[in-house]
Amino acid sequence: MKKKLKPIVEGLAVGVVFFSITLLFEIPFFMSIIIGVLASIGGFRNSIKMDKEDK
């Protein structure tokens, strides 16, 4: 996987997981979207930080 694509994919994966978990707990749809977006941003930033630490 290309180095620039990896953080995007990991961020999206985290966002989708959090989005689906919040839907299971019957949180309103709009709030679930917000939580999913924030989780994907956090996953993206965490992936970049972990790659920098590996170097």
Do L12 and V14 belong together in a cluster built from hydrophobic side chains that touch within less than 4.5 Å?
-> no
Can I get a per-line list of side-chain donor-acceptor pairs under 3.5 Å for residues 27-41, giving both atom names and the distance, sequence neighbours left out?
from	atom 1	to	atom 2	distance (Å)
S32	OG	T22	OG1	3.2
S32	OG	P28	O	3.2
S40	OG	G36	O	3.4
S40	OG	V37	O	2.7

Search all heavy atoms of S47 against all heavy atoms of P7 and return the closest pair with its distance.
-> OG-CA, 3.5 Å
Separation between NZ (K6) and CD1 (I48), nearest 0.5 Å, reads 11.5 Å
Min side-chain heavy-atom separation N46-K49 under 4.5 Å | yes
With a cut-off of 6.0 Å (strictly less than), are more than 12 heavy atoms of other residues, nucleotides or ligands near CD of E26?
-> no
Within 6.0 Å of CZ in F19, more than 12 heavy atoms from elsewhere | yes
